[in-house]
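As the structure lists them, so they are numbered: ligands from 1, and atoms in each ligand from 1.
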Amino acid sequence: MNLIDQTFAELKKEQQTAFIPFITAGDPDVSTTLDLMLQLQRSGANLIELGVPYSDPLADGPVIQQASIRALNNNVTILDVIGIANQAKEAGIGIPLILFTYYNPLLQAGLENLFPLMSKSGIDGIIVPDLPVEESDKVRFHCEQYNIHYIPLVAPTSQERIGPIVERASGFVYCVSSLGVTGQRKNFYGDIEEFLLKVRDNTHLPIIVGFGISDNNQYRRFSELADGIVVGSTIVHTVEENLGLLKQPTTYSQGINNIREFISHLLGN
Ligand SMILES: O=P(O)(O)OC[C@@H](O)[C@@H](O)c1c[nH]c2ccccc12
């Protein structure tokens, strides 16, 4: 049993949808990331996707690309992000943490080095968006060794690959709501309901949806269709809007409070 499984089991009992925010670790700096994680947990996050900054985030839109650049300017590495997860758990984070990283940082640091650290640091799942599931054997081997869930992405264009993808999943399946890159949007894939039902028919695991969800209307719509909702860019954009406040000790708490208020409106509280 992994904390992700327990979390979804509890949410299912309460008939609740998981709120899963994504933030770029180290944006604008490590200590702010820790405070943001604690604030997200207080604001109702059920799991957190912790993004490893990367120089070539091909699946990301401009908001997360900029966040990666800010974190990389602080020289934040995948090892630092694992360290942040560890500090967060020590600081009181009790919800599952999912390491979100492109494949290259994993490869450079070495799976055999990272997985023991990830396990010790309380990381419960990993998402590697640019690793085709057919090439995920090594990553999944290490995941099984260390009881870390391997969470694949499935897209509306996956169609006949939905089966092979979800059968290699553990923890939950991440359904991408639209084609293209991450970022706020007005429209989603035309047959999104049909797509989510098709994924649901292929797995007993919880299915979560992400990409473009940025206001309460969209959040409520997808809460009816999935077991969890990932929100990234619009939260990262709110961090960006408050960088000025977050940089000054005298206005720091105002910056954190602005982000708290944004999350509250997003969730319709
Ligand atoms: O940013 P959005 O549009 O809210 O989508 C979630 C997304 O941020 C997060 O899950 C994510 C960040 N980078 C990614 C790359 C591929 C797939 C998903 C992601």
Side-chain angles (χ1 to χ4, degrees), residues 4 17-27 33 36-37 40 45-72 76 78 81 96-106 125-133 136 149-158 165 169 171-189 192 199 206-219 221-223 226-241 259 262-263 265-267:
I4 291 176
T17 304
F19 168 45
I20 310 171
F22 166 95
I23 53 172
T24 300
D27 172 37
T33 295
L36 283 174
M37 291 171 75
L40 287 168
N46 301 106
L47 302 87
I48 293 176
E49 266 187 28
L50 205 46
V52 174
Y54 182 48
S55 54
D56 184 21
L58 52 93
D60 280 303
V63 169
I64 292 179
Q65 284 178 27
Q66 286 305 314
S68 286
I69 291 168
R70 290 194 294 270
L72 290 171
V76 171
I78 189 167
V81 178
L97 297 180
I98 298 153
L99 189 76
F100 190 103
T101 181
Y102 286 88
Y103 189 50
N104 189 272
L106 268 182
I126 188 168
I127 299 178
V128 191
D130 58 343
L131 179 64
V133 71
S136 64
H149 281 321
Y150 169 75
I151 300 149
L153 300 178
V154 60
T157 45
S158 299
I165 292 172
F172 58 86
V173 176
Y174 187 143
C175 302
V176 172
S177 75
S178 322
L179 307 182
V181 297
T182 58
Q184 299 160 259
R185 65 197 70 206
K186 291 262 173 289
N187 306 309
F188 299 93
Y189 179 73
I192 184 76
V199 177
I207 64 168
I208 65 117
V209 66
F211 259 54
I213 299 166
S214 53
D215 66 31
N216 183 248
N217 288 333
Q218 294 171 341
Y219 192 88
R221 172 189 173 195
F222 285 107
S223 294
D227 304 306
I229 312 278
V230 174
V231 179
S233 295
T234 197
I235 294 173
V236 175
H237 179 61
T238 306
V239 172
E240 185 178 10
E241 284 179 327
I259 294 162
F262 175 81
I263 301 283
H265 289 131
L266 174 74
L267 301 179

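Test Asn216, Val231, Ile229 against Leu266 for side chain to side chain contact (heavy atoms under 4.5 Å, CB included) and you get one pass: Val231.
Counting the atoms of ligand 1 from 1 in the order shown, those under 4.0 Å from a heavy atom of Asp60 are 12 (C), 13 (N), 14 (C), 15 (C). Taking every non-hydrogen atom of Ile64 and a distance limit under 4.0 Å, the qualifying atoms of ligand 1 come out as 1 (O), 8 (O), 12 (C). For ligand 1, the atoms closer than 4.0 angstrom to any heavy atom of Tyr174 are 6 (C), 7 (C), 9 (C), 10 (O), 18 (C). Each of the following atoms of ligand 1 lies closer than 4.0 Å to a heavy atom of Pro129: 16 (C). In the vicinity of Ala59, heavy-atom distances shorter than 4.0 Å reach the ligand 1 atoms 15 (C), 16 (C). The ligand atoms of ligand 1 that sit less than 4.0 angstrom from a heavy atom of Val230 are 6 (C), 10 (O). Near Gly183, meaning under 4.0 Å from any of its heavy atoms, are these atoms of ligand 1: 1 (O), 2 (P), 3 (O).
Gln65 CD to Ser55 OG: the interatomic distance, rounded to the nearest 0.5 Å, is 11.0 Å.
Here Thr182 has heavy atoms under 4.0 Å from ligand 1 in both its backbone and its side chain. Residue contacts with ligand 1 for Glu49 involve side-chain atoms from C-beta outward but no N, CA, C or O (heavy atoms, distance under 4.0 Å). For Phe211, heavy-atom contacts with ligand 1 shorter than 4.0 Å involve the backbone as well as the side chain. The backbone and the side chain of Ser233 each have at least one atom closer than 4.0 Å to an atom of ligand 1 (non-hydrogen atoms only).
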- Task: Show your reasoning for whether side-chain contact (heavy atoms from CB on, under 4.5 Å) applies to Thr101 and Ile127.
- Result: CA-CA 6 Å; Thr101 181; Ile127 299 178; over 6 Å; no
- Query: Does the pair Ile23 and Thr33 meet the rule for a side-chain contact (heavy atoms from CB on, under 4.5 Å), with working shown?
  - Reply: CA-CA 8 Å; Ile23 53 172; Thr33 295; 4.1 Å; yes
- side-chain contact (heavy atoms from CB on, under 4.5 Å) between Tyr102 and Val52, worked out: CA-CA 8 Å; Tyr102 286 88; Val52 174; over 6 Å; no
- For side-chain contact (heavy atoms from CB on, under 4.5 Å), just list the numbers for Ile213 and Val230, CA-CA rounded to whole Å, side-chain angles, deciding distance to a tenth of an Å, and then say yes or no. CA-CA 8 Å; Ile213 299 166; Val230 174; over 6 Å; no
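Across all non-hydrogen atoms, the minimal contact from Ile64 to Ser233 is CD1-OG, 3.6 Å. Heavy atoms only, all atoms of each residue included: Arg185 and Gln218 are closest at O-NE2, 2.8 Å.
Ranking protein heavy atoms by distance to atom 4 (O) of ligand 1, first place goes to Gly232 N, 2.8 Å. Atom 11 (C) of ligand 1 has its closest protein heavy atom at Phe100 CZ, 3.7 Å.
A centroid separation of less than 6.0 Å is found between the aromatic rings of Phe222 and Phe188.
Heavy-atom distances between Gly212 and ligand 1 reach below 4.0 Å in at least one pair.
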